[in-house]
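Notes to accompany the following structure.
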2 protein chains.
Amino acid sequence: MGSSKTLPRLDESLLSYLPQFMRLSRQDIRDILDQAVSRRFDADTVIFEEGAPAERFYLLLDGYVRVLRITKEGKRVILLHIQSGQLIGIARAIGRTEYPATAMTASECLALSWPMSLFDVFAEKYDGFINETQKAVGRRMNEMNTRIVELSSQHVDRRVANALLRLIDQSGREVGDGVEIDFPITRKDLSELSATTLHTVSRLMTAWERDGIVKSSRQRIVVRNPRKLAELGHVDKTKQPPIR
Amino acid sequence: MGSSKTLPRLDESLLSYLPQFMRLSRQDIRDILDQAVSRRFDADTVIFEEGAPAERFYLLLDGYVRVLRITKEGKRVILLHIQSGQLIGIARAIGRTEYPATAMTASECLALSWPMSLFDVFAEKYDGFINETQKAVGRRMNEMNTRIVELSSQHVDRRVANALLRLIDQSGREVGDGVEIDFPITRKDLSELSATTLHTVSRLMTAWERDGIVKSSRQRIVVRNPRKLAELGHVDKTKQPPIR
DNA sequence: CCTCAAGTTTGTTGAAGCGCAAACAACCTA
DNA sequence: TAGGTTGTTTGCGCTTCAACAAACTTGAGG
């Protein structure tokens with residue numbers, strides 16, 4: 001289970017490089033930190049649940065978080081991945097009083113949180129906060145749009161390829177022979193991201209491993225040849241119907 | 001082509017019942033209207049295009065608008081339907097300087113528009129404007145999430161059923177023997193909403209027509225038995241796996 | 001009234017990919 | 001080190017649906 005504490009005193013450098021807080025004075029950042037609760041979460045732990053009253057909002061300091069929904073049939077659908085430095089649970093920014101989806105850690109995580117009532121205070125008081133937050137909302141919306149387009153128009157292999165590309169783009173870590181996804185990820189997770197089954201993902205991965213595009217072991221994926229993967233993901237049908 | 005004019009003087013009642021403007025004084029509304037450009041659009045006309053600089057934002061007074069993207073292969077994917085009373089092109093509200101998608105009229109439309117620079121002015125000056133706008137963003141985000149979940153987890157027939165249900169919910173008009181979708185809609189449109197082909201939609205429609213669930217003619221769809229359609233759309237598998 | 005374009009229906013075919021099942025491999029902990 | 005748990009691979013059958021094709025319907029415009 002995660003542990004919750006406010007001590008020792010949080011260092012100001014935690015926030016001072018994040019776009020939301022960049023323009024603030026040392027004192028403002030100090031105030032913000034002094035009101036925060038810091039907490040560690042184990043991997044695969046629910047931070048907040050869809051439909052629950054949105055009581056707090058979080059800043060992910062370290063680790064990765066998945067935003068997901070669970071269908072009536074109990075099937076998980078991953079909507080987004082969030083990396084450190086990002087705010088989550090900002091229901092207030094989109095005029096909601098309940099969390100619209102579930103947030104679950106993908107790896108061990110460290111997060112600060114504040115009561116939602118402070119969101120309005122921050123928005124009012126701190127220059128750039130609301131603006132950067134809106135930008136973040138915009139980016140996520142854009143990612144969702146892209147997902148919808150992908151799901152609607154592309155075949156499984158492309159969807160999986162694109163999901164992988166997005167993951168290494170957002171949370172890739174350079175390793176000796178390629179770029180590794182920086183948190184444990186299973187075939188099942190990938191299938192929940194790309195709307196297919198773990199079986200199909202597994203088949204694709206072995207095929208790509210044979211071609212030297214990826215290398216994977218249990219819960220670890222290294223993309224050795226992002227270029228080639230991108231070719232699979234992007235569409236380069238020579239015939240491009242005019243947009244009439 | 002659409003015509004553009006500022007005369008005759010717009011009536012205040014156009015705005016005074018909309019949530020964004022509800023709390024405002026007569027004078028404020030007058031000011032807002034005096035800065036607006038009013039314009040009529042024919043059906044199937046582009047209002048603004050994805051990627052273009054977001055120079056104006058719009059308030060749809062009458063008609064229906066589709067928000068869509070076009071894939072590299074030239075395939076259209078409809079992201080949302082917008083009904084009258086809603087703002088569109090509010091890129092600014094999500095921190096963007098370009099329109100993230102294309103807006104196209106689904107029927108003849110009437111819209112007011114303002115230069116984007118006024119967005120910040122409205123947000124600052126008029127109580128409730130930014131709040132209601134954020135709520136609208138939240139609703140659209142929610143709809144997108146639902147789309148993603150649907151596309152990821154449901155079969156074609158359910159997706160089409162749900163798309164229809166959403167359409168009659170958002171823009172249904174009571175007619176003698178059911179609820180009609182209030183704007184011209186083709187099988188192709190429906191297929192672009194539910195990620196399938198017009199052929200499959202056609203087959204489903206004829207099957208449902210045989211069952212008395214819908215009635216359709218060219219570009220017109222009447223849902224006679226929403227209840228039954230909802231049964232098709234909702235999932236009522238008795239076995240509900242635990243959410244472990 | 002005729003023509004044409006746009007939308008719709010219907011049939012046929014093939015393959016993608018899902019469900020199911022079983023075996024296997026890696027890791028965890030007792 | 002044994003035993004259990006969790007993740008992964010692989011094969012096979014079968015359903016679903018997209019692709020292709022072609023005829024038909026409807027409505028608009030001359």
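Predicted, not measured: the structure shown is a model, and the values here were computed from it. Within every chain, numbering begins at 1; the chains are lettered A, B, ... in the order of the sequence lines, protein sequences first and strands thereafter.
- Contacts of R218(A) with the nucleic acid, taken as non-hydrogen atoms under 4.0 Å apart, include base atoms.
- The shortest distance between the side-chain N/O atoms of T206(A) and the OP1/OP2 oxygens of dT8(D) is not below 4.0 Å.
- The side chain of R203(B) lies closest to dT10(C) when the candidates are dT8(C), dT8(D), dT10(C).
- Distance L204(B) CG to dA18(D) C1': 13 Å, rounded to the nearest Å.
- Along DNA chain C, the nucleotide closest to D44(B) and the one closest to K75(A) are compared, and the more 5′ of them pairs with D44(B).
- One atom, CG of L151(A), and another, P of dA18(D), lie 14 Å apart when rounded to the nearest Å.
- Of the candidates dC18(C), dA16(C), dT8(C), dA16(C) carries the atom nearest the H155(A) side chain, counting heavy atoms from C-beta on.
- With respect to E108(B) and R40(B), a salt bridge is recorded, a charged nitrogen being found less than 4.0 Å from a carboxylate O.
- As rounded to whole Å, 14 Å separates atom P of dG7(C) from atom CG of L190(B).
- Side-chain contact check for S113(A) and R56(A): at least one donor-acceptor pair (N or O, by modelled atom type) lies under 3.5 Å.
- The salt bridge (Lys or Arg N to Asp or Glu O under 4.0 Å) pairs that include a residue from residues 141-157 of chain A are E150(A)-R166(A), where partners are two or more places apart or lie in different chains.
- The nearest whole Å value for the distance from the CG atom in L198(B) to the P atom in dA21(D) is 15 Å.
- Judged purely by atom type and a 3.5 angstrom limit, T45(B) has no side-chain atom pairing as donor or acceptor with the backbone of F41(B).
- Contact annotation for H199(A): base contact, defined as any heavy-atom pair under 4.0 Å involving a base atom.
- Pairs engaging residues 78-88 of chain A under the side-chain hydrogen bond (donor to acceptor under 3.5 Å, both in side chains) rule: R66(A)-H81(A), Q86(A)-R140(A) [sequence neighbours left out].
- Atom-to-atom, CD of Q219(B) to P of dA5(C) comes out at 17 Å; the value is rounded to the nearest Å.
- Nearest-nucleotide assignment on DNA chain D puts the 5′-proximal partner with T186(A), out of R159(B) and T186(A).
- As judged by a 4.0 angstrom heavy-atom cut-off over every strand, S202(A) is placed among the base-contacting residues.
- Between dA18(D) and T200(B), a contact under 4.0 Å exists linking OP1 or OP2 to a side-chain N or O.
- Residue K188(A) contributes atom NZ, which lies 12 Å from atom C1' of dT6(D) at whole-angstrom precision.
- For the pair R220(B) CZ and dT8(C) C1', the computed distance is 15 Å after rounding to whole Å.
- In this structure, the CZ atom of R158(A) is 11 Å from the P atom of dG17(C), given to the nearest Å.
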